[in-house]
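From a predicted model like this one, the values you see are computed outputs, not experimental measurements. Convention: sequence-line order gives letters A, B, ...; per-chain numbering from 1.
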Amino acid sequence: MFRNQYDTDVTTWSPAGRLFQVEYAMEAVKQGAAAVGLRSTSHVVLATVNKAASDLSSHQRKVFKIDDHIGVAIAGLTADGRVLSRYLRNECINHAFVYESPLPVSRLVVRLADKAQVCTQRSWKRPFGVGLLVAGLDETGAHLYYNCPSGNYFEYQAFAIGSRSQAAKTFLERRFESFNSYSRDELIKDALFAIKETLQGEKLTSSICTVAIVGSGEPFHMIDQKTLQEMIDAMEIKEDSAADEAPMQDEDKSTEAAPMDI
Amino acid sequence: MALSRNWMYENNGGTCVAIAGSDYCVIAADTRLSVGYSIYTRDYSKICKLADKCVMASSGFQGDLKALQKNLAAKHLIYQHQHSKQMSCPAMAQLLSNTLYYKRFFPYYTFNILGGLDSDGKGCVYTYDAVGSYERVGYSAQGSGAGLIIPVLDNQLKSPSPLLLPAKDAVTPLSEVEAVDLVKDVFASATERDIYTGDKVEIVVINASGIRQELMELRKD
């Protein structure tokens, strides 16, 4: 994408029918650290890579709890993500106040998408520079949505966004057809594998990633570092002793062997 | 307010009591909901858990109480999102006062008592009027039976009198078991003479190990 005379304003169309500012906003998402989401029939897992600005600073928060049944992972301008999380939380609280029931995920993502669209059609605004993976559970089941800065949203079985997310997407494309029957632990393991793909050789430890899960009987929460590190270690033991394409049954046995206090 | 054609309030009766101890807090309310000389239900809870260590009991208009509880619960959720922790009892006390005063010119018709543990783990009780004037006390009663109960608490709790100046910390030296027994006794007494108090009393005890609840039968007449 190169600079041209139609990209100064979000309210200027290019002759080819493109809004360059919106497309540049989507580029900002691609620059952010990776985030992946996976969905089974009963659970949704979000995992992110936490890049710290330097060794001296703390990690950026990329996963936000929106309500007991919804959480989001963001990639891109985290400040924009924080502001949108506040908006999403308010929407859930207001809905629950009036209707005494949790806001269905599909309705929340529509509101978020409409909010994003507004910023693509006002000359005094700019599009949000953040992509959100919205994970939630409602009456209709488990859902994973991706909201772009353009105002579009799509539902996914599994998805990855951010830098080097293509590696994770390739991994997920190979496996997604069996996700619906996955157990909760298998889903988390595959999320960690997907995150590992985006690291491209860098060592996966619980200090550089965040994993969160929501499911039936399980409100949205982040998995604590200790449990996470145990899962990563169990993963690595399995990897060393068998090939990557190990059948599901083998992975199950290894899961049972490793001590996990979930 | 003077025009009775559109009188917007109703008094559902009932009594609430709270007692603060050195490391516990007892909050109790009867479960009768009445209008005029009729009983609407014998099984209505006037107690609401607002936060981990903070419970509110109110008598007055239960419609306003429901709205007030929802309001506070929503504000508490926002607080938790912003601060990643639960609200302390003193913080909730101030929030309740502000929420009540916000409707100074169309008040919540509720007479509230807030009970819980403060940040030191000591029992605390806050008592309110309908528009948010509040005070931390060692014990309190609100509602139709309050007039029958407060003198007994003044006498039996062995706390320094809250009417003395300078204000002394009025936490009762009684043990948790003694305080709960006293609450049962005062409710039984109030039930005898107050028509709006009776059916059951719901007693909630907050201490370091958490919150527990018990129900005691009262006279049904």
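Shown here is A/Y87, whose OH atom has more than 12 heavy atoms of other residues, nucleotides or ligands within 6.0 Å. The number of heavy atoms from other shown groups lying within 6.0 Å of NZ (A/K125) does not exceed 12. Atom CZ of A/F97 has more than 12 neighbouring heavy atoms from other residues, nucleotides or ligands inside a 6.0 Å radius. Environment of OH in A/Y153: sparse, with no more than 12 heavy atoms of neighbouring residues, nucleotides or ligands closer than 6.0 Å.
Using a 4.5 Å cut-off between heavy atoms, A/N94 does not touch chain B at all.
Going from atom NE2 of B/H81 over to atom CG of A/D67 covers 6.0 Å, rounded to the nearest 0.5 Å. Taking CD from B/Q80 and CZ from A/R89, the interatomic distance works out to 11.0 Å, rounded to the nearest 0.5 Å.
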